[in-house]
Colleague: 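Have a look at the structure that comes next, please.
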Protein chains: 2
Amino acid sequence: MFTKVLVAEDYEIANQGIIKVLNEHIGIPCIEESKYCDDAYLKFRKAFNDQNTFQLLITDLSFREDHNIQTITSGEALIKNVRSIQTDIKVIVYSQEDRPDKINMLFEKLNINGYVCKGQHAIRELIECVQGVYEGKTVHPPELTNNPEASMMIQLDELDMILLEELSQGATKKEIRVKLKDLQISPNGESYIDKRVSKLFDDFKARNTPHLIAIVKDLGLL
Amino acid sequence: MFTKVLVAEDYEIANQGIIKVLNEHIGIPCIEESKYCDDAYLKFRKAFNDQNTFQLLITDLSFREDHNIQTITSGEALIKNVRSIQTDIKVIVYSQEDRPDKINMLFEKLNINGYVCKGQHAIRELIECVQGVYEGKTVHPPELTNNPEASMMIQLDELDMILLEELSQGATKKEIRVKLKDLQISPNGESYIDKRVSKLFDDFKARNTPHLIAIVKDLGLL
DNA sequence: CATCTCCATACAGATTTCTGTATGAGCGAA
DNA sequence: TTCGCTCATACAGAAATCTGTATGGAGATG
């Protein structure tokens with residue numbers, strides 16, 4: 001089993017809970033914790049330089065801002081930074097996030113080894129995830145594998161995301177067109193934008209723009 | 001100090017973290033925990049019938065749904081139910097919620113004794129809160145008292161909330177007017193609705209309806 | 001090559017949004 | 001009582017949204 005693990009989680013109580021589980025249920029002897037990404041990165045770097053590396057990083061995704069100014073502000077950035085030093089470190093993300101596309105992105109783009117949803121069964125899931133990852137597996141959360149959700153099927157490309165983003169910021173279609181032209185993004189005819197937004201209405205069963213924005217906000221896509 | 005405490009929190013890791021703090025830092029001997037509101041209520045009721053009552057309830061606000069069907073589904077309902085049996089029980093809410101108006105509502109309408117924000121300083125805050133409540137104080141979260149936020153100053157009445165709700169569901173102003181008339185809610189002139197929505201634009205510095213919806217969704221008002 | 005389909009755009013019209021002005025009712029203060 | 005204020009409504013016009021149709025090009029298929 002792993003012997004040296006770093007836990008990056010800004011939320012103190014959860015931090016303590018994770019350590020308790022790793023310690024009491026799995027029997028990992030050396031667990032360090034960090035409430036800030038920067039601090040986690042420094043701890044990691046120091047261990048690496050001392051040739052006493054961590055074997056596993058367990059990290060949250062979002063870290064609240066406070067008075068301490070941080071250069072690394074998200075779990076994703078932390079993972080990238082840590083992996084840039086030690087490419088083979090195992091990474092488990094432990095987060096509230098439960099959108100399948102977001103979680104899949106973590107596996108595909110960041111090559112994380114495991115994911116655990118904060119929730120009712122987090123203890124069991126965390127134990128199974130750590131064991132699985134130790135055995136070299138990639139451990140997806142059970143909520144996800146059991147749930148091939150319909151909402152999942154909607155594939156949004158970059159243009160869709162830009163449109164949603166701009167609309168949610170109050171941009172009018174004309175302004176969006178200008179912006180797309182400025183950014184040299186190709187389909188930028190005003191009526192094509194209309195068509196795409198109409199398609200989004202269909203996809204999300206929205207009646208109009210405010211409704212659409214409400215839906216994607218609820219889904220956490222923005 | 002309190003000797004018998006009930007912790008209602010569906011999120012397992014946090015559950016363990018709270019218990020650890022109550023036990024190790026404050027030295028409370030008897031701590032029971034519950035991942036479901038119904039279960040928490042039953043534990044509470046049993047203790048009350050056995051004349052071995054809990055002195056303090058620490059509860060989250062939101063509980064995720066799962067296969068177990070619950071009659072009590074929110075921390076707020078749990079508090080009301082528990083208070084209906086034992087009016088003088090002390091209650092501390094421990095939640096992610098950080099909107100001042102929502103938290104103030106808890107103090108005003110539910111008469112909770114303390115509130116702790118999940119976050120970086122939750123351990124210290126929880127300890128201070130429990131001690132303060134034990135001494136008979138009402139303990140507001142420091143984030144709130146130090147932060148007389150601007151967003152706080154916006155007072156939304158029932159009509160505002162209905163308008164936001166309807167708009168977010170894609171209703172047009174005409175439909176909203178009809179709905180208001182049906183519900184026999186008094187100011188229901190179409191142009192007055194326009195005015196109120198325009199006022200919301202000003203309040204939230206929104207450029208148009210989609211923008212407004214995005215803002216209030218981000219603020220968690222809907 | 002002819003055809004079919006999809007993508008990108010243009011245009012047009014009906015509807016809705018947003019903003020401004022006007023009007024009266026109610027209410028407190030001078 | 002009369003002034004000033006806010007609330008509630010009506011109306012009106014410019015701008016934006018939403019929807020449908022039309023056109024041309026690119027790529028696939030037979």
Side-chain angles (χ1 to χ4, degrees), chain A residues 153-219 221-222, chain B residues 101 152-219 221-222:
Chain A
M153 303 296 95
I154 301 171
Q155 283 297 335
L156 301 179
D157 63 15
E158 201 198 337
L159 179 59
D160 289 316
M161 290 307 293
I162 293 174
L163 293 182
L164 290 174
E165 181 64 29
E166 289 295 319
L167 287 174
S168 79
Q169 290 177 10
T172 149
K173 305 248 166 95
K174 250 177 214 151
E175 290 171 333
I176 293 176
R177 176 183 203 180
V178 172
K179 187 140 200 170
L180 288 176
K181 276 187 174 170
D182 286 353
L183 294 174
Q184 301 188 338
I185 294 172
S186 64
N188 56 33
E190 202 167 322
S191 48
Y192 187 61
I193 294 174
D194 276 353
K195 285 272 181 297
R196 282 296 275 258
V197 175
S198 290
K199 192 178 165 306
L200 290 173
F201 290 171
D202 288 347
D203 288 345
F204 291 103
K205 307 197 194 317
R207 301 173 58 190
N208 50 34
T209 313
H211 194 195
L212 176 65
I213 296 300
I215 291 169
V216 296
K217 284 282 181 189
D218 282 343
L219 289 175
L221 293 171
L222 279 183
Chain B
D101 50 349
M152 224 309 58
M153 303 296 96
I154 301 172
Q155 284 296 336
L156 301 180
D157 63 16
E158 200 197 339
L159 179 59
D160 289 317
M161 291 307 293
I162 293 175
L163 294 181
L164 290 173
E165 181 64 29
E166 289 294 321
L167 287 174
S168 78
Q169 289 177 10
T172 81
K173 306 251 165 89
K174 247 176 217 153
E175 290 171 334
I176 293 176
R177 175 181 205 183
V178 172
K179 186 139 200 171
L180 288 176
K181 277 188 173 168
D182 286 353
L183 293 174
Q184 301 187 340
I185 295 172
S186 65
N188 57 32
E190 204 167 322
S191 47
Y192 186 62
I193 294 174
D194 277 353
K195 285 273 182 295
R196 283 295 275 258
V197 176
S198 290
K199 191 177 166 308
L200 290 173
F201 289 170
D202 288 347
D203 287 345
F204 291 103
K205 306 197 196 318
R207 300 175 58 192
N208 49 34
T209 313
H211 194 195
L212 176 65
I213 296 301
I215 291 169
V216 297
K217 283 283 179 186
D218 283 344
L219 289 174
L221 295 172
L222 278 184

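In what follows, chains carry the letters A, B, and so on, assigned in the order in which the sequence lines appear, proteins first and then strands, with residues in each chain numbered from 1. In this text the structure is predicted, and so the values were computed from the model without any measurement.
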Colleague: Taking only heavy atoms on the protein side, list every residue of residues 160-169 of chain B lying under 4.0 Å from any atom of DNA chain D, sorted numerically.
Modeller: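 None - not one residue of the stretch has a heavy atom sitting under 4.0 Å from the strand.
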
Colleague: Sequence neighbours left out, what passes side chain to side chain donor-acceptor pair (under 3.5 Å) with B/K199? Give chain and number order.
Modeller: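 By the side chain to side chain donor-acceptor pair (under 3.5 Å) rule, B/K199 matches B/D203.
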
Colleague: Return the value, rounded to whole Å, for the distance between atom CZ of B/R196 and atom C1' of C/dC18.
Modeller: 17 Å

Colleague: Answer yes or no: is there an ion pair linking A/E175 with B/R207, defined by an N-O contact shorter than 4.0 Å?
Modeller: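 Salt bridge: yes.
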
Colleague: Name the closest nucleotide to the A/F201 side chain, picking from D/dC18, C/dT9, D/dT9.
Modeller: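 Within the option list, the nearest is D/dC18.
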
Colleague: Could you tell me how far apart B/E190 (CD) and C/dT15 (P) are, to the nearest whole angstrom?
Modeller: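 For the pair B/E190 CD and C/dT15 P, the rounded distance is 14 Å.
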
Colleague: How close do A/G170 and B/N208 get, heavy atom to heavy atom, and via which atoms?
Modeller: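 Looks like O-ND2, 2.9 Å.
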
Colleague: Whole angstroms only, please: what is the CG-P distance between A/L200 and D/dT17?
Modeller: 15 Å

Colleague: Give the rounded distance in Å between these two atoms: CD1 of A/I193 and P of D/dC18.
Modeller: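 Nearest whole value for this atom pair: 13 Å.
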
Colleague: What pairs of nitrogen or oxygen atoms, one from the protein and one from nucleotides 20-24 of chain C, lie under 3.5 Å apart?
Modeller:
from	atom 1	to	atom 2	distance (Å)
C/dT21	O4	B/K195	NZ	3.0

Colleague: List in chain and number order the residues that pass side chain to side chain donor-acceptor pair (under 3.5 Å) with A/D157, two or more places apart in sequence or in another chain; answer none if no residue qualifies.
Modeller: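 Checked A/D157 against side chain to side chain donor-acceptor pair (under 3.5 Å); matches are A/R196.
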
Colleague: From the options B/I215, B/V216, B/L212, select the one residue that forms a side-chain contact (heavy atoms from CB on, under 4.5 Å) with B/L200.
Modeller: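 That would be B/L212; it is the only one of B/I215, B/V216, B/L212 passing the side-chain contact (heavy atoms from CB on, under 4.5 Å) with B/L200.
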
Colleague: Please give, in whole Å, the distance from D/dT9 P to B/I185 CD1?
Modeller: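 Atom-to-atom, B/I185 to D/dT9, this comes out as 12 Å.
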
Colleague: Show the numbers, then the answer: is there a side chain to side chain contact (heavy atoms under 4.5 Å, CB included) between B/F204 and B/D218?
Modeller: CA-CA 11 Å; B/F204 291 103; B/D218 283 344; over 6 Å; no

Colleague: Got a sec, which residues hit side chain to side chain donor-acceptor pair (under 3.5 Å) with A/E190, two or more places apart in sequence or on another chain?
Modeller: none

Colleague: Let me know the distance between OH of A/Y192 and P of D/dT19, rounded to the nearest Å.
Modeller: 17 Å

Colleague: Would you say A/T172 reaches D/dA15's phosphate, i.e. side-chain N/O to OP1/OP2 under 4.0 Å?
Modeller: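 Looking at the OP1 and OP2 atoms of D/dA15, neither is under 4.0 Å from any side-chain N or O of A/T172.
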
Colleague: Would you say that A/V197 contacts A/K173 through its side chain, given a criterion of any heavy-atom pair below 4.5 Å between the two side chains?
Modeller: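 Heavy-atom side-chain distance check passes, below 4.5 Å.
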
Colleague: Atom CG of B/D157 and atom P of D/dA8: how far apart are they, to the nearest Å?
Modeller: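 Taking CG of B/D157 and P of D/dA8, I get 9 Å after rounding.
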
Colleague: Using 0.5 Å steps for rounding, measure from the CG atom of A/L163 to the CD atom of A/E158.
Modeller: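 Those atoms lie 10.5 Å apart.
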
Colleague: B/K217 and A/I213: side chain to side chain contact (heavy atoms under 4.5 Å, CB included), yes or no, with the steps?
Modeller: CA-CA 9 Å; B/K217 283 283 179 186; A/I213 296 300; 6.0 Å; no

Colleague: Look at the side-chain N and O atoms of A/N188 and state whether any lies under 4.0 Å from the OP1 or OP2 oxygen of C/dT9.
Modeller: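 Answer yes for this pair, as a side-chain N or O of A/N188 is under 4.0 Å from OP1 or OP2.
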
Colleague: Should A/N208 be listed as having a side-chain N or O under 4.0 Å from OP1 or OP2 of D/dC18?
Modeller: no

Colleague: Heavy-atom distance under 4.5 Å between the side chains of B/I176 and B/L167, does that happen here?
Modeller: yes

Colleague: For DNA chain D, find the residues of residues 173-181 of chain A with a heavy-atom distance under 4.0 Å and give them by number; none if there aren't any.
Modeller: A/K173, A/K174

